[in-house]
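This report concerns only the one structure given below.
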Number of protein chains: 2
Amino acid sequence: MQALEILQQHNLKKTSPRLAIIEALQSSGEPLAEAEISIKMGSHYDRTTFYRSMLTLEEAGILHRIIVDKLLVKYALNPAGPTVKSQTDHAHFYCNQCKKLVCLEEIHPGPYRLPAGFQTSESEVIIKGLCNKCS
Amino acid sequence: MQALEILQQHNLKKTSPRLAIIEALQSSGEPLAEAEISIKMGSHYDRTTFYRSMLTLEEAGILHRIIVDKLLVKYALNPAGPTVKSQTDHAHFYCNQCKKLVCLEEIHPGPYRLPAGFQTSESEVIIKGLCNKCS
DNA sequence: CCCATATTTGCAACATTGTTGCATTTGGAA
DNA sequence: TTCCAAATGCAACAATGTTGCAAATATGGG
């Protein structure tokens, strides 16, 4: 689906930073960090706008954020269609060698057997190792 | 066990920053962020020393680091005794209300059924929600 | 098409977490 | 006590993210 259509579907204004972010992720085909997206967006790049756009796009269910390590965060487009919980409720794999991140859409972790009185609202799983190309 | 003994057991020099860090975590009884530890350590506090000490203590298996969210990292003492993989290979629970982190030592996630060719070296699971005191 | 306005952008400044280089200090052993 | 490798402490820097505010813009109504 075109970036324009995605924004339209979610009733968001079709501004150029938002379009550029979505297109950068689409053209890459894999989750990217801010630095990687900024390179694809070229010179008219503002970090504040980027972070505010990401908040808007995440709240709309267009993409999700993956915290890989202390100072390493990547952003991934969600599959098209109506927002379903399982779209973001999946595990992620990070390759320690090629530094690429993969959404493991078919792995839905949990439920976990928590001690009495604990209530889960969300969970994040990140698996690290070597991907199929690097092993 | 005393902080001094812990360092001795791992053949580490018994320097005052290391002792202060371990004692801060012991007196708290729960995982703490850098800012929380620095308050407990008082005025003679240096951030570089803190990070280098944490690296040393983590490599020695005395404590482990938990990435809660983009800019929120906590550190937890490991149980005493010889280093066992299961000590750090457990899930963590973060309470969205009281902001406290709990090591769920009895929850050992995985193994995960990864696509062909993927090799796991480690994994991290963080469960968020409401703890037993806040629910 | 143009105008009004609420939203969004872009800039400056700042906050937090973490790292690197280097001179000084110190723990621990001879 | 003396010596030296290891560790500390300081300055500077890097990366990620946030806040306040003025200027620009998307979009709906006339």
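Residue numbering restarts at 1 for every chain, and letters A, B, ... go by the order of the sequence lines. Here the structure is a predicted model, which means the values were calculated and not measured. Atom set for the values below is all heavy atoms of this structure, side chains included, hydrogens, waters and symmetry mates excluded.
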Distance criterion of 3.5 Å, no angle test: do you see the side chain of [X] paired donor-to-acceptor with the base of [N]?
X	N	answer
B:Ser53	D:dA7	no
A:Arg52	C:dG10	yes
B:Thr49	D:dA7	no

Atom [atom1] of [X] to atom [atom2] of [N]: distance rounded to whole Å?
X	N	atom1	atom2	answer
B:His10	C:dG27	NE2	P	21 Å
B:His44	C:dT26	NE2	P	12 Å
B:Tyr75	C:dT17	OH	P	9 Å
B:Leu55	C:dT19	CG	P	6 Å
A:Asn11	C:dT7	CG	P	14 Å
B:Leu12	C:dG27	CG	P	14 Å

Inset, instruction - Give one of base, sugar-phosphate or nothing for B:Arg18, where a contact means two heavy atoms less than 4.0 Å apart. - result: sugar-phosphate

Inset, instruction - Answer with base, sugar-phosphate or nothing: what part of the nucleic acid does B:Thr15 contact at a heavy-atom distance below 4.0 Å? - result: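 The answer is sugar-phosphate, as B:Thr15 gets under 4.0 Å only of primed atoms, P, OP1 or OP2.
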
Legend entry - Ion pair check, A:Glu124 and B:Lys128, cut-off under 4.0 Å: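 Result for this pair is yes, salt bridge flagged.
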
Whether [X] contacts [N] is assessed here as follows: a side-chain N or O lying under 4.0 Å from the phosphate OP1 or OP2. Is that the case?
X	N	answer
A:Lys70	C:dT19	yes
A:Lys14	D:dT27	yes
A:Tyr51	D:dT18	no

Inset, instruction - Answer with yes or no whether the side chains of A:Tyr75 and A:Glu36 bring together a donor and an acceptor at under 3.5 Å. - result: no

Inset, instruction - Look at the side chain of A:His44 and the backbone N and O of A:Met41, then say whether any donor-acceptor pair between them is shorter than 3.5 Å. - result: no

